Every structure is written in C-alpha cells, then in structure tokens.
Amino acid sequence: MTQVLNLDSLKVTKEVVFGGKTRQVRSLTVKQFIESRDFDEKMKTADSAGQVDLLVEFAMKHIDAEKDELLQLDLAQLTALLSFIRGTDAADEAGVTEGNGEKKAS
C-alpha cells in the first residue's frame, strides 16, 4: 500500500484587514525562517527607529502593503500583524477570526 502525504493540502491561507483592505499573507518559507536568525541579530543591534524599519520591511515581504500604510498602524497593530505572519500565539490574543468573522476558537 502506498502512503501519500499531500503537502499542498497543508497550506494555510491567511488574510489580514487594515486600512479598509483585505490582504493575503504570504506564508513564511523555510528559507525565510532560516534567514530570520539574521533578522533577530539585526534587531538586537538596531536602535528603536532601525527596529521599526526592520519590522516594516519584514511585514512588506509577507503582505502587499506600502511602507507608508504600515507606518500608519499603531504599535499594537504592527505587533499583532507580525505575530500573525509568524504564526505565534500573540495573534490569537489580537482578535484573529475565522473566514466567517467568528472569533477563532483557542
């Protein structure tokens, strides 16, 4: 008997809404995950303004948004967006809903 693991079926589609627009979130690839170690090091050595720039650039790699649009978010929104992109628990606390608008079950 042949077993088949269909990795295509495991792909999760995520969307984020801000500025009145729904935007698709591009999944974090294995390569980007590995590169995130370099990102973390850059974050440690950057000043506050540099950290914001790095975070906005990271977000821009994963959603279709202009830098100016992302800079209009408040810090709580930016933090929730970044957590949602990375798939961390902070996104669950930030009001993540299922596609039908219902609060996501934890």
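Keep in mind that what you see is a predicted model, and the values were worked out from it rather than measured. Nothing fancy with the numbering, it's 1 onward along the sequence.
Classification of D40 and K44 as a salt-bridged pair fails, no side-chain N sitting under 4.0 Å from a carboxylate O.
The side chain to side chain donor-acceptor pair (under 3.5 Å) test applied to Q32 returns T29, not counting sequence neighbours.
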(request) Take K21 and E15 through the test salt bridge (charged side-chain N to carboxylate O under 4.0 Å, His left out) and record every step on the way to the result. (result) CA-CA 10 Å; K21 297 179 184 175; E15 294 178 334; over 6 Å; no

(message) For a side-chain contact (heavy atoms from CB on, under 4.5 Å) check, start with the C-alpha distance between V25 and T13, then their side-chain angles and the critical distance, and finish with the verdict.
(response) CA-CA 7 Å; V25 177; T13 301; over 6 Å; no

(message) side-chain contact (heavy atoms from CB on, under 4.5 Å) for S27 and K14? Distances and angles first, verdict last.
(response) CA-CA 8 Å; S27 298; K14 298 193 291 187; over 6 Å; no

(request) Would you sort out whether Q72 and F18 count as a side-chain contact (heavy atoms from CB on, under 4.5 Å), showing the intermediate values? (result) CA-CA 10 Å; Q72 296 300 315; F18 70 91; over 6 Å; no

(message) side-chain contact (heavy atoms from CB on, under 4.5 Å) for Q77 and L81? Distances and angles first, verdict last.
(response) CA-CA 6 Å; Q77 291 172 311; L81 173 61; over 6 Å; no

Can you list, pair by pair, the side-chain donor-acceptor contacts under 3.5 Å of residues 49-68, counting residues two or more places apart and other chains?
from, atom 1, to, atom 2, distance (Å)
Q51, NE2, M43, O, 2.9
H62, ND1, R26, O, 3.2
D64, OD1, R26, NH1, 3.0

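Side-chain contact between D38 and K42: present, with at least one pair of heavy atoms (C-beta onward) separated by less than 4.5 Å.
Put simply, I85 and F33 are part of the same group of oily side chains (I, L, V, M, F, W, Y) that touch within less than 4.5 Å, one to the next.
Through direct or indirect side-chain contacts shorter than 4.5 Å among Ile, Leu, Val, Met, Phe, Trp and Tyr, L10 is connected to L5, L7.
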